[in-house]
Amino acid sequence: MAETEQITVATTSAGPGGTGEPGETVNLPVVELLTGRGFITGKSGSGKSNTASVIAEKLLDNGFGLLIVDIDGEYYGLKEEYEILHVGGDEECDIQVTEDHAGKIASLALEQNVPIILDISSFLDEEEAETLLTEVAKQLFAKAKKQKQPFLMLVEECHEWMPEKGSMGEVGKMLIKIGKRGRKHGLGIVGISQRPADVKKDYITQCDWLVWHRLTWNNDTKVVGRILDNKYADAVEDLDDGEAFMMNDWAEQVSRVQFHRKQTFDAGATPGLDDFERPELKSVSDDLVSELETISDEQQETEDRIKELREELDKKNSRIAELEAELQDARDLSRMAEQFTEAMVEQAEDYNPGRTEQEKMRRQRERFAEPSTSDGDADTSDEADGDADTDDEADADGPRDEQPPEPDETADATSGGGFGDAFSAFAEDGAAMNGGSTDEGAATNGSSADTEPASDASSADAEPASNGHAENAAVATNGDSPDSSAAAVPVNGRTETDTAEADDDALRAAIAEAVEAEQSAEATEAVEDETPSDVDGPAVYADLRADIEELDRKTCRMLAYYREQGPGTPLNAHFSAGGSGDRTAAYARNRELRLRGLVEHVGRGKYDARLAALVREESDRGLDDEEVESVVSRLESAFLDGDSD
């Protein structure tokens with residue numbers, strides 16, 4: 001390419017601001033166009049796009065490469081005469097491209113000298129279009145540094161990328177960079193805009209050739225006055241279509257010129273009433289797009305693979321969700337089974353001591369209240385020796401083969417005011433307390449298997465309260481008499497049978513009196529506990545105590561832990577209650593306390609007893625603090641140390 005090669009684009013015209021004779025040809029040096037920085041401006045319809053197309057046609061006629069950034073889709077008409085690659089985002093383009101194609105587009109343009117129209121208007125997503133333009137500009141700048149080949153980049157509506165006001169994106173920064181540094185690498189740029197006042201002044205002031213078509217907006221004409229002269233600011237408003245003021249560094253003057261009319265189809269012309277007839281456009285060589293199609297195919301394969309992987313991932317996620325749901329169900333069932341098993345074990349092992357003893361006492365009272373069925377057999381029993389006391393006690397305790405209560409149960413019954421009171425009353429009346437045991441001493445049963453009759457007779461005066469007989473009680477009472485079926489021997493003027501019946505009646509009377517005394521004592525205690533200031537306290541106390549007594553032993557101990565220690569976690573409370581540290585069991589028991597209102601959550605996973613609040617809620621009337629504390633103190637006996645063990 002000769003350094004002096006030029007292209008003819010316009011002729012001089014007459015009018016204000018013009019120099020020289022009208023009709024003279026206006027030539028532009030190719031090297032200055034390809035490597036320099038240009039600016040073409042004018043209002044819509046003034047001919048700026050026509051001027052850019054004329055310059056493009058002249059360069060294409062001479063085989064020079066260029067890339068046109070088309071923002072309005074008006075340059076595809078060049079395909080009517082030239083084999084130019086039209087790339088963009090829709091099917092109207094020769095090939096649809098993305099940012100992945102940016103490197104190959106730059107290679108085709110610079111290395112293979114392929115003219116390209118980058119149609120930004122075909123993208124629906126502005127962000128996608130801006131990303132593509134940014135990558136293409138970067139690739140052109142990078143390859144131009146190595147290629148060192150003159151190449152022109154023509155950018156429509158550059159004020160959108162390089163605005164005077166507001167922030168500038170990556171595209172604008174890259175275009176400014178090309179304008180400042182592209183010349184020495186052989187990469188030129190031409191910006192086209194209908195609003196010069198909105199274009200970054202850093203770009204306009206660095207341009208070495210400028211074309212000013214008709215402008216009427218005051219702000220735009222002021223720009224003309226600042227850059228050219230005020231006389232051009234007034235004249236620019238009267239320019240005809242296609243007419244412009246041109247200033248360049250190589251001519252060092254301002255010329256009024258009339259640009260030639262473009263030869264190809266004007267796709268940017270305003271539609272009229274005539275039918276629109278699209279020209280026949282040239283097809284590009286398959287070789288030009290083959291590599292781009294390869295990239296597109298690879299990209300499509302990648303997208304398809306990504307889609308497949310996403311579908312597989314969705315399926316696996318769905319399966320994982322199903323398995324997690326099944327696992328959670330299994331855990332729930334396992335937890336329920338553990339809770340059920342634990343509840344059954346606790347029901348078998350952990351009973352309510354108070355209620356159990358009350359039930360035993362009730363059954364024993366019923367047995368004592370029933371008439372004795374053993375009196376008629378007194379003579380044939382193993383106590384036929386005349387010990388009426390033994391027969392009476394056997395009748396009172398039930399069948400002879402029934403075992404006496406366990407030591408702890410007997411102790412509880414005695415301490416609770418049940419059988420102990422009855423037996424004490426009976427003992428005071430002189431009734432024998434033994435069950436005919438052959439292992440007990442003479443002080444307990446009045447007769448031993450190894451004691452001689454004479455000994456019994458001689459000690460009768462010393463032990464009248466123990467054996468309940470007169471001083472003549474020398475008759476053997478251990479059932480070892482040789483004649484067990486003999487007639488009863490009179491004692492104190494009564495026969496043995498008469499004595500047994502009398503003692504039996506005395507036993508029943510004593511038991512009935514003891515039961516009545518016990519009930520009277522309980523009623524008296526309840527009346528004494530009820531104070532005038534605590535009218536409904538006993539009712540509240542009874543209801544809440546019944547609730548607490550329904551709890552199993554460990555749950556009661558957990559309540560005691562909260563009451564004594566203050567706020568704590570269910571695990572600590574359960575461990576303190578003798579639990580194994582099982583989280584499920586701890587929270588199950590804690591939940592029972594919470595549902596009954598006995599504890600409440602106080603934050604950070606801790607719970608605390610709320611007996612005082614519960615007493616106030618359950619009370620029929622408002623209680624003061626002393627009354628509430630009184631009821632709470634009485635309730636504590638249901639679960640503090642010793643009650644639940």
Side-chain angles (χ1 to χ4, degrees), residues 7-11 26 28 30 33-34 38 40-97 105 108-109 113-124 129 133 151-158 190-194 211 213-214 240-244 257-286 288-289 292:
I7 58 174
T8 301
V9 296
T11 59
V26 177
L28 299 177
V30 174
L33 286 177
L34 293 176
I40 302 173
T41 186
K43 69 181 299 184
S44 180
S46 64
K48 65 181 186 304
S49 296
N50 176 78
T51 298
S53 295
V54 169
I55 294 175
E57 288 176 351
K58 296 299 181 179
L59 292 175
L60 292 171
D61 286 339
N62 290 274
F64 300 117
L66 78 163
L67 183 143
I68 302 173
V69 180
D70 187 2
I71 197 172
D72 290 321
E74 56 186 359
Y75 284 89
Y76 73 88
L78 294 171
K79 291 173 63 66
E80 184 182 11
E81 295 292 337
Y82 306 99
E83 187 178 351
I84 186 169
L85 181 62
H86 185 202
V87 299
D90 60 22
E91 297 179 354
E92 294 294 327
C93 303
D94 295 325
I95 185 172
Q96 299 179 40
V97 295
I105 291 173
L108 290 174
N113 200 37
V114 176
I116 299 175
I117 299 174
L118 181 58
D119 192 353
I120 300 298
S121 67
S122 59
F123 286 92
L124 298 177
L133 179 55
F151 186 86
L152 179 63
M153 184 178 184
L154 193 149
V155 183
E156 271 280 2
E157 303 297 345
C158 64
V190 176
I192 305 170
S193 174
Q194 60 182 342
V211 177
H213 285 280
R214 183 171 63 251
D240 293 332
D241 293 347
E243 195 174 23
V257 300
Q258 179 70 47
F259 279 88
H260 296 163
R261 188 70 180 174
K262 63 186 294 187
Q263 300 300 311
T264 55
F265 173 68
D266 186 6
T270 303
L273 297 177
D274 298 334
D275 293 336
F276 173 78
E277 185 176 350
R278 185 185 180 92
E280 184 178 350
L281 305 177
K282 287 189 175 183
S283 300
V284 296
S285 172
D286 293 339
L288 293 177
V289 297
L292 292 174

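Everything quoted here is computed from the prediction, not taken from an experiment.
Val30 places a side-chain heavy atom less than 4.5 Å from the side chain of Ile7. Taking the side chain as every heavy atom from C-beta outward, Leu78 and Glu57 approach each other to under 4.5 Å. When side chains are defined from C-beta on, Leu33 does not count as touching Phe64, because their heavy atoms never get closer than 4.5 Å. Looking at heavy atoms from C-beta onward, Leu133 lies in side-chain contact with Leu118 at the 4.5 angstrom threshold. For the pair Val69 and Ile120, the minimum side-chain heavy-atom distance is below 4.5 Å. Considering only heavy atoms from C-beta on, Thr51 stays 4.5 Å or farther from Lys262 through its side chain. Inter-residue side-chain proximity for Pro115 and Leu60 is flagged as met; some heavy-atom pair is nearer than 4.5 Å. Inter-residue side-chain proximity for Ile105 and Leu67 is flagged as met; some heavy-atom pair is nearer than 4.5 Å.
Phe123 and Ala129 get closest at one heavy-atom pair: CB-CB, 3.8 Å. What you find for Glu243 and His213 is that their closest heavy atoms are O-ND1, 3.0 Å. Scanning all heavy atoms of the two residues, the minimum distance from Gly63 to Asn113 falls at O-ND2, 2.9 Å. What you find for Ser193 and Thr41 is that their closest heavy atoms are O-OG1, 2.8 Å. The two residues Leu66 and Ala56 have their closest heavy-atom pair at CD1-CB, 3.8 Å. Listed here is the closest heavy atom pair of Arg261 and Val54: C-CG2, 4.1 Å.
At a cut-off of 3.5 Å, with distance as the only test, no side-chain donor of Asp119 or Tyr75 sits close to an acceptor on the other residue.
Summarising the geometry, atom CE belonging to Met153 is positioned 11.5 Å from atom CD1 belonging to Ile68; distances are rounded to the nearest 0.5 Å. Atom-to-atom distance recorded for Ser122:OG and Tyr76:OH is 13.0 Å, nearest 0.5 angstrom. If you take CZ on Arg214 and NZ on Lys43, they are separated by 6.0 Å, rounding to the nearest 0.5 Å. From Ser49, atom OG reaches atom CG of Asp266 across 8.0 Å, with rounding to the nearest 0.5 Å. The OG atom of Ser53 sits 11.0 Å away from the NZ atom of Lys48 when rounded to the nearest 0.5 Å. From Cys158, atom SG reaches atom CD1 of Ile71 across 10.0 Å, with rounding to the nearest 0.5 Å.
Side-chain atoms of Gln258 come within 3.5 Å of backbone N or O of Asp241 as a donor-acceptor pair. At least one donor-acceptor pair under 3.5 Å links the side chain of Glu80 to the backbone N or O of Phe265. Judged by distance alone, the side chain of Asp70 and the main-chain N or O of His86 form no donor-acceptor pair under 3.5 Å.
The residue from Val97, Asp90, Ile95 that alone fulfils the side chain to side chain contact (heavy atoms under 4.5 Å, CB included) condition with Cys93 is Asp90.
Residues satisfying the ring pair (Phe, Tyr, Trp, His ring centres under 6.0 Å) criterion with Phe151, sequence neighbours excluded, are absent altogether.
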**Request:** Quick one: do Lys79 and Asp94 satisfy salt bridge (charged side-chain N to carboxylate O under 4.0 Å, His left out)? Show the steps, please.
**Result:** CA-CA 11 Å; Lys79 291 173 63 66; Asp94 295 325; 3.1 Å; yes
**Asked** Given the rule in the side chain to side chain contact (heavy atoms under 4.5 Å, CB included) test, do His260 and Asn50 qualify, once you have shown the distances and angles that lead to the verdict?
**Response** CA-CA 8 Å; His260 296 163; Asn50 176 78; over 6 Å; no
**Request:** List the steps and the verdict of side chain to side chain contact (heavy atoms under 4.5 Å, CB included) for Leu59 and Leu152.
**Result:** CA-CA 10 Å; Leu59 292 175; Leu152 179 63; 3.8 Å; yes
**Item:** Leu154 and Ile40: CA distance, side-chain angles, deciding distance, side chain to side chain contact (heavy atoms under 4.5 Å, CB included) verdict
**Value:** CA-CA 10 Å; Leu154 193 149; Ile40 302 173; 5.8 Å; no
